[in-house]
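Okay, so here's the structure we're looking at.
This chain uses plain numbering: 1 for the first residue, then up along the sequence. Side chains included, hydrogens not; waters and symmetry mates left out as well; all remaining heavy atoms used.
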Amino acid sequence: MSDSAYFKGPTYHFEVANEDKKLDCSLSFYKGGIYRFLCQNEDSLVFNDVVQELDSDVFIMTNVDDVETRITAEGSVFRVTYDPFTIIADGYVINGNDLLDGGDSTALNILFDNEQGFYGFPEHADSYKLRKTVNDDPYRLFNLDVFEYDVRSVFPLYGAIPFVMSRENGKIRGFFYNNPSEMFLDVSDKDIYFYSEAGVVDLFGYIGPSYKKVQEQHHTVVGTPKMPRMNVLGYHQCRWNYKDDADSRFVVGQFEKYGLPFDFLWLDIEHTNDKRYFTWDLNKFPDPQKLVSDINDLGREVVIIADPHIKDDKGYHVFKAFDEANAWIRDNQDQPFKGHCWPGASRWPDFVERSVRDIWADLVIEYSKEYGIKSIWNDMNENSVFNGPEVSHPRDAKHINGRQHKELHNVMGFYHTMATIDGLKRLNPDERPFVLTRSFYGGTSAQGVAVWTGDNTADWDHLAFSIPMLLSLQTASQYMSGADVGGFFGNPDGELFARWMELGSWQPFFRGHAHLDTKRREPWSFGDEVLELVKKQVLQRYKFMPFWYTVFYESERHHFPPMNPMFVLDNFSDDVEDQYLVGDKVLVAPILHSGSSQRDVTLPAGRWYDLQNSRLAFDLKKTKKVVAHAPLGTIPVFQRGGTIIPFTTEKRRSVTKMIENNYSLSLLVAPNALGNAEGSVFVDDGSSYAYETLDDGAAYFTILLDGDAIEIQQEGVILEEKVLSHILIMDYPCIKEFEIDGVISSNIVCDTTKKSVLINVDTPITTMTIKLRK
């Protein structure tokens with residue numbers, strides 16, 4: 001232990017000499033199996049805006065000698081050695097030989113005892129399990145406006161979350177390298193090597209040992225992903241661009257005509273006055289308030305786009321607001337940085353500054369009040385600069401705080417959405433806001449912001465790679481995420497569009513979107529046959545809306561992503577990237593190849609029920625690859641035995657209308673081999689914050705089938721009774737009657753072909769016991 005080393009509470013402070021420089025380092029321990037290894041010099045930027053307040057009330061034991069310092073915290077042992085400098089943890093070593101790799105760059109190597117699988121580090125259009133890169137290009141994080149990106153690539157895309165998860169024989173660990181500058185990651189069988197252009201070494205380590213525990217630990221550091229409004233889980237219809245008022249109304253009318261539910265109509269940049277955000281082109285949209293109001297009356301919303309580049313126009317009220325505050329990002333001569341984007345000559349507000357974010361938030365409030373908008377799309381916020389290096393800001397651009405842009409590049413979108421969210425929250429403090437962003441960082445999800453995978457292409461590869469891309473985002477805790485259904489670029493045929501709608505209906509964020517130069521591809525654009533196939537999938541999304549909403553409630557409450565890799569199941573360890581789980585109850589195995597009407601699905605041991613036909617499909621003694629038949633319009637989706645999921649039988653034009661009409665609930669029960677099952681359902685008003693504490697207006701019901709009785713327990717209070725309409729128990733012997741609170745009923749339908757029992761309960765859901773009599 002050097003003379004300068006000391007303990008202060010649960011933090012060990014010490015110096016490390018590296019590249020003829022001395023770094024002030026610390027190793028801190030926090031409640032819940034979290035540690036932070038931080039090395040900096042006096043000029044370093046430590047990016048704390050994403051870090052939550054951590055509980056340091058941790059008891060540590062220490063043992064110090066001339067060779068090492070041994071620290072025990074919450075059952076884990078760490079050994080800090082001095083020559084060479086390392087931190088030795090359970091199963092891996094943090095190697096500090098290259099903490100400063102010349103100039104301002106930093107580096108850190110983590111070497112594991114045994115071979116690992118590594119996951120996360122979004123955003124890349126590549127496999128979920130990170131490939132080995134030691135003899136190839138490393139993964140790179142540098143937020144960029146990428147035009148028609150390739151798949152199977154380590155090239156950076158629009159967002160950056162420097163989070164890596166390791167997996168070894170079921171033991172999961174996590175590492176968040178909190179540095180918003182350009183970053184690279186090299187991966188081998190046993191080690192990962194971070195190196196970044198600037199900033200500090202700031203590593204948060206998560207002990208695990210489970211997938212769910214690592215999620216919880218990461219949320220403790222960057223914040224827990226926020227639950228979206230219920231209608232956000234509905235279908236979204238977008239295009240660059242719906243041309244005018246008449247075109248917008250036509251699209252809405254076609255959804256009405258064909259009985260297709262949807263919840264949001266999106267307006268891209270062409271709705272504005274010459275790309276001036278927070279304005280309308282009144283030639284195309286002569287009465288925007290009425291358009292928005294008429295769509296709202298149908299139980300739907302309009303989303304408008306508001307990008308961070310501001311048209312260089314001294315008469316434009318948004319430009320004036322920022323210019324008067326001298327609120328621009330600067331060039332290397334300390335003058336307002338000027339570049340080109342959609343409006344032509346543009347400037348960029350410096351959202352790193354709180355005062356600048358306040359200006360934007362005020363603009364959001366003013367605009368939203370005037371036009372009745374409560375959902376906003378933030379695009380091009382990497383930031384995209386058409387005439388800049390790599391279509392971005394120069395690295396030597398300056399921020400108001402004196403920092404060079406290279407130190408903060410990957411958090412431009414993070415701060416942009418922070419400002420938008422703040423405005424919407426101030427305007428409607430009792431309602432969860434909805435914001436979609438293309439660029440993001442760790443903690444974006446904790447703002448309550450959704451992301452999408454950007455400018456994909458209408459081909460089968462991009463359809464397939466939406467799965468590993470979204471799994472990587474989910475693992476890095478960006479829960480509300482999705483891919484443009486149908487592909488942004490190019491023209492899908494009817495088969496590809498139908499298959500993409502099948503898959504999109506089982507992914508968290510479900511939005512159709514398309515480029516300005518593509519053919520129209522709304523669901524009715526491919527003829528009656530494809531329309532009916534697509535309608536079936538959209539209706540299924542709305543049928544299982546109570547399930548999706550419950551999954552998102554539990555993702556915040558229990559720190560478990562809505563979309564998961566197969567290995568989260570206890571009896572499954574393989575890396576399978578063309579199928580996945582919704583929560584842990586439903587398995588989705590989409591068709592990903594043209595002309596296919598069946599596919600292999602790898603199922604773990606146990607019972608698996610065909611969700612679309614409500615019947616037992618497979619009863620397996622061990623993990624097995626099975627064949628699932630899926631003609632166009634059908635997606636293989638299986639419910640895991642031993643689970644219960646909620647759904648509704650009521651059809652409305654939107655989620656908002658479902659809520660207004662107090663939709664009833666039904667339960668789909670999939671017994672395990674012992675005849676038991678468990679599940680849950682969450683109910684609230686669909687938009688408030690009552691869910692956070694289960695105050696008046698929100699309730700969580702746990703449900704248990706135990707042999708011949710169904711037990712329902714209620715936590716919380718709902719303001720309006722919610723009817724439990726039906727309970728469908730699959731692969732269950734016929735019963736004669738059921739009893740609730742002494743009342744006996746024989747309102748039962750037994751299906752001898754499917755071996756299922758439909759119980760017509762038709763009673764308000766609450767704490768109750770339903771006795772089943774055979």
Side-chain angles (χ1 to χ4, degrees), residues 125 146-153 157-158 234-243 247 250-251 254-255 258 260-262 264-266 268 379 436 438 452-470 481-541 578-580 588-599 630-637:
V146 184
F147 185 85
E148 289 191 89
Y149 59 82
D150 294 326
V151 297
R152 302 180 184 87
S153 174
L157 293 177
Y158 315 94
Y235 180 63
H236 300 244
Q237 187 60 53
C238 185
R239 181 177 176 82
W240 175 28
N241 203 90
Y242 291 120
K243 296 179 292 186
D247 193 22
F250 171 78
V251 171
Q254 291 295 94
F255 275 93
Y258 293 114
L260 279 162
F262 88 109
F264 290 84
L265 182 76
W266 293 61
D268 211 321
D379 196 3
L436 179 74
R438 191 170 70 175
W452 90 106
T453 59
D455 298 347
N456 59 359
T457 300
D459 63 40
W460 291 87
D461 269 354
H462 277 262
L463 169 69
F465 271 85
S466 72
I467 299 174
M469 290 181 74
L470 293 182
S481 52
D484 284 345
V485 171
F488 180 66
F489 289 105
N491 296 299
D493 60 17
E495 180 193 15
L496 177 58
F497 182 77
R499 289 301 191 194
W500 215 317
M501 288 291 284
E502 291 168 12
L503 176 55
S505 70
W506 285 100
Q507 291 177 337
F509 178 52
F510 184 25
R511 183 182 76 152
H513 187 31
H515 187 274
L516 183 72
D517 295 327
T518 62
K519 298 176 183 178
R520 297 293 285 256
R521 77 211 15 209
E522 290 79 19
W524 51 86
S525 303
F526 300 89
D528 292 343
E529 182 180 355
V530 171
L531 172 62
E532 288 307 309
L533 299 177
V534 167
K535 181 177 179 179
K536 173 183 172 184
Q537 300 307 316
V538 175
L539 288 172
Q540 182 169 252
R541 172 70 167 214
D578 62 352
Q579 60 186 66
Y580 60 91
V588 181
I591 299 295
L592 301 173
H593 302 284
S594 178
S596 297
S597 59
Q598 65 180 45
R599 60 157 291 170
L632 192 62
T634 304
I635 178 172
V637 181

Value rounded to 0.5 Å, distance of [atom1] in [X] from [atom2] in [Y]:
X      : Y      : atom1 : atom2 : value
Leu592 : Asp461 : CG    : CG    : 10.0 Å
Phe465 : Trp460 : CZ    : CH2   : 15.5 Å
Lys536 : Gln540 : NZ    : CD    : 7.5 Å
Asp493 : Arg499 : CG    : CZ    : 11.5 Å
Met501 : Lys535 : CE    : NZ    : 12.5 Å
Leu496 : Phe526 : CG    : CZ    : 8.5 Å

Quick one, [X] and [Y] - any side-chain contact, counting heavy atoms below 4.5 Å?
X      : Y      : answer
Phe262 : Val538 : no
Asp379 : Trp452 : yes
Ile467 : Val588 : no
Val151 : Met469 : no
Phe264 : Leu436 : no
Ser466 : Asn456 : no
Glu502 : Leu632 : yes
Thr453 : Tyr149 : yes

Residue pair [X] / [Y]: nearest heavy atoms and the distance that separates them:
X      : Y      : result
Asp578 : Pro590 : O-CD, 3.6 Å
Leu260 : Pro523 : CD1-CB, 3.9 Å
Ala498 : Val530 : CB-CG1, 4.4 Å
Phe489 : Asp455 : CE1-CB, 3.4 Å
Cys238 : His513 : SG-ND1, 3.1 Å
Gly486 : Arg521 : O-NH1, 3.2 Å

Test item: [X] side-chain N/O and [Y] main-chain N/O as donor-acceptor pair under 3.5 Å:
X      : Y      : value
Gln507 : Ser481 : no
Glu495 : Gly595 : yes
Arg541 : Ser505 : yes

Query raised in the report: More than 12 foreign heavy atoms under 6.0 Å from CD of Glu148: is that the case here?
Result: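 Yes - once you tally the heavy atoms of other residues, nucleotides and ligands closer than 6.0 Å, there are more than 12.
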Requested in this report: Please determine if Asp484 and Arg511 form a salt bridge, counting it only when a charged side-chain N lies under 4.0 Å from a carboxylate O.
Outcome: yes
Query - Lys/Arg N to Asp/Glu carboxylate O, Asp247 vs Arg520, below 4.0 Å - result: yes
Report task. Verify the distance criterion only: is there a donor paired with an acceptor across the side chains of Arg239 and Thr518 at less than 3.5 Å? Result ->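 A pair is found: one side chain offers a donor N or O, the other an acceptor, under 3.5 Å apart.
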Requested in this report: Please work out which of the three classes, parallel, tilted or perpendicular, describes the rings of Trp524 and Phe250, given edges at 30° and 60°.
Outcome: perpendicular
Query raised in the report: Would a line drawn from the ring center of Tyr242 to the ring center of Trp266 be shorter than 6.0 Å?
Result: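 Between Tyr242 and Trp266, the centre distance exceeds or equals 6.0 Å.
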Query raised in the report: Does the ring center of Phe488 lie less than 6.0 Å from the ring center of His462?
Result: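 Judged by ring-centre distance (under 6.0 Å), Phe488 and His462 do not meet the cut-off.
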